[in-house]
Amino acid sequence: MKAPHPQPGAATIQGALSGLRVIEMGQLIAGPFCGKTLGEFGADVIKIEPPADPARPGASGGDPLRNWRMLQDGTSVWWQVQSRNKRSIALDLRAAEGQDIARRLIAEADVLIENFRPGTLEGWGLGWETLHALNPRLVMLRISGYGQTGPYRDLPGFGAIGEAMGGLRHLTGEPGRVPVRTGISIGDTLAALHGTIGVLMALYHRAMHGGPGQVIDVALHEAVFNVMESLIPEYSAFGAVREAAGSALPGIAPSNAYRCADGYVLIAGNGDSIFRRLMETIGRPDLASAPDLQSNAGRAARVDALDAAIGDWTLPRTIAEVLAALGEARVPAGRVYTARDIHEDPHYRARDMILRQTTRDGREIDVPGIVPKLSLTPGTVRSAAPHLGGDTDSVLGELGLASGDIAALRSKGAVA
């Protein structure tokens with residue numbers, strides 16, 4: 001499935017969020033990922049980016065993500081995913097004229113997304129009280145390190161810190177070794193997904209109950225903490241502090257990564273009937289029928305012995321042999337995918353999870369598809385990620401500014 005640069009006369013699917021106007025002020029990951037998700041389902045997302053600062057020759061303007069990781073034609077390929085379906089306006093929010101334009105845009109918007117440090121927008125005259133008075137229907141998503149209240153409110157926070165404070169980093173890695181990260185900015189993405197849920201709930205309340213707009217306050221560490229399962233109840237009830245366990249899932253057995261002759265496979269044999277089929281497949285009917293292994297509690301108590309038995313079976317076999325045998329037995333198992341594996345996998349292709357997208361500079365690139373899958377109003381890629389300020393004139397024109405007015409603002413450096 002190809003997701004091209006929009007072509008004249010091309011048919012479009014009416015998105016589930018078509019007609020929704022979103023102003024995105026966030027940078028990097030958390031706020032923009034929320035804007036990306038809303039945009040994929042039809043929202044008109046206008047991204048406000050800072051223009052290049054003339055006082056810093058050589059420094060580029062715009063969202064810093066434009067220059068993160070690997071660049072193609074001077075622009076991050078990550079940017080091509082994070083900012084598709086968005087329009088970019090280069091606006092200096094430190095200038096009074098820029099702040100005035102922002103207020104005019106927000107006055108006509110349904111949603112505002114921002115992930116600055118608390119107090120930043122207030123310093124620009126764009127705090128909630130001001131904006132709510134201007135637009136009572138506005139839904140404002142605020143993502144920050146520690147939230148808009150509390151003793152840590154003013155501390156700088158990034159996703160990595162949120163992962164640590166939320167309890168995730170303590171559980172990653174091998175026991176007794178340095179905690180490791182997942183390799184992606186999972187804390188930011190979890191915050192973005194919680195923010196998206198909050199926006200949709202606030203919009204539902206507004207539409208169905210006639211309520212006014214409201215603030216969604218998402219803290220990075222709280223978004224991580226919210227997915228930490230039984231971490232706190234176990235501490236509260238038993239004083240138990242869960243520790244890192246490598247590739248295993250403590251208390252759930254058997255579920256681990258097992259070495260094969262040519263790599264590793266992950267096997268999840270922790271369902272009662274699945275466990276019995278797994279043991280029969282590896283030639284251990286004695287374990288399949290053992291009375292104390294018929295429930296997870298008993299299996300968890302003997303997890304080391306079970307892992308050893310499974311490992312003895314997988315070690316002399318190839319990954320393909322293991323997966324074939326377990327597939328036949330209907331035991332959940334899989335190999336560890338690399339980027340190449342994902343790119344070449346037929347299932348990813350069959351579900352349109354690898355899209356061919358054309359950038360604004362005319363290059364074609366494969367990018368991730370859209371999640372979730374809606375049967376009637378599926379998400380779409382309607383436009384490629386924008387150039388910095390590429391939509392400034394058209395967006396300001398929609399506000400009623402004439403070309404002369406825009407030129408005057410540009411001469412003052414308020415827009416670019």
Side-chain angles (χ1 to χ4, degrees), residues 168-184 186 227-230 242-354 366 368-369 371 373:
L168 178 62
R169 286 294 183 96
H170 185 67
L171 301 184
T172 55
E174 298 291 335
R177 303 188 69 178
V178 62
V180 298
R181 69 181 304 157
T182 60
I184 58 170
I186 191 67
V227 300
M228 294 307 294
E229 301 178 351
S230 60
R242 187 185 293 192
E243 302 291 344
S247 61
L249 187 59
I252 309 296
S255 181
N256 211 331
Y258 302 91
R259 184 184 291 275
C260 298
D262 56 348
Y264 287 88
V265 294
L266 278 77
I267 301 175
N270 44 286
D272 294 346
S273 61
I274 295 173
F275 169 75
R276 290 190 289 272
R277 294 197 299 273
L278 172 60
M279 292 299 104
E280 293 286 351
T281 302
I282 70 171
R284 294 300 302 269
D286 58 315
L287 296 176
S289 60
D292 64 328
L293 298 178
Q294 299 308 299
S295 68
N296 182 70
R299 295 192 295 270
R302 294 179 59 184
V303 63
D304 291 341
L306 294 177
D307 280 345
I310 298 169
D312 287 344
W313 178 77
T314 61
L315 187 58
R317 293 170 171 81
T318 66
I319 293 172
E321 291 170 338
V322 168
L323 293 180
L326 296 183
E328 181 71 21
R330 293 177 290 115
V331 174
R335 59 194 174 96
V336 180
Y337 274 49
T338 66
R340 180 180 292 106
D341 296 327
I342 292 172
H343 192 263
E344 297 176 355
D345 189 276
H347 192 75
Y348 271 85
R349 298 284 176 172
R351 289 183 56 79
D352 291 332
M353 284 310 300
I354 304 294
D366 288 340
V371 179
K373 308 292 186 187

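Model, not experiment: these values are computed from the prediction.
The nearest pair of heavy atoms linking Ala244 to Thr172 is CB-O, 4.2 Å. Counting all heavy atoms, side chain and backbone alike, Arg349 lies closest to His343 at NH2-O, 2.8 Å. Minimum heavy-atom separation, His347 to Asp345: N-OD1, 2.8 Å. Annotation for Arg276 and Ala288: closest pair CG-O, 3.5 Å, computed over non-hydrogen atoms. The two atoms that bring Leu287 and Arg302 nearest to each other are CD2-NH2, 3.9 Å, heavy atoms only. Residues Ala300 and Gly251 approach most closely at CB-O, 3.9 Å, considering heavy atoms.
Side-chain contact between Gln294 and Asp272 is absent, with no heavy atoms from C-beta onward closer than 4.5 Å. Looking at Leu306 and Phe275, their side chains come closer than 4.5 Å, going by heavy atoms from C-beta outward. Looking at heavy atoms from C-beta onward, Ser230 lies in side-chain contact with Arg242 at the 4.5 angstrom threshold. Between Glu174 and Val180 there is no side-chain heavy-atom pair separated by less than 4.5 Å. In this structure the side chain of Met279 reaches within 4.5 angstrom of the side chain of Ile310, judged on heavy atoms. Residues Met353 and Ile342 have side chains not in contact (no heavy-atom distance under 4.5 Å, counting atoms from C-beta outward). Using a 4.5 Å heavy-atom cutoff, the side chains of Thr318 and Cys260 are not in contact. With a 4.5 Å cut-off on side-chain heavy atoms, Pro285 and Glu280 count as touching.
Under a 3.5 Å cut-off, the side chain of Asn270 and the backbone N or O of Asn296 do not form any donor-acceptor pair. Counting only distance, with no hydrogens or angles, the side chain of Arg317 and the backbone of Val322 share no donor-acceptor pair below 3.5 Å. A distance-only check finds no donor-acceptor pair linking the side chain of Ser247 to the backbone of Asn256 [under 3.5 Å]. Checked by atom type and distance alone, the side chain of Arg299 pairs as donor or acceptor with a backbone atom of Leu293 at under 3.5 Å. With hydrogens and angles disregarded, no donor-acceptor distance shorter than 3.5 Å links the side chain of Arg169 to the backbone of Pro179.
For the side-chain contact (heavy atoms from CB on, under 4.5 Å) with Ile267, the qualifying choice from Ile274, Asp307, Leu278 is Leu278, the only one to do so.
With a 6.0 Å cutoff to the six-membered ring centre and a 45° limit on the axis angle, Arg335 counts as a cation-pi contact of Tyr337.
Atom CG in Leu249 sits 6.5 Å away from atom CD in Glu229 (nearest 0.5 Å). We find the CG-OH distance between Asp366 and Tyr348 to be 13.5 Å, quoted to the nearest 0.5 Å. The distance from the CG atom of Leu315 to the OH atom of Tyr258 is 13.5 Å, given to the nearest 0.5 Å.
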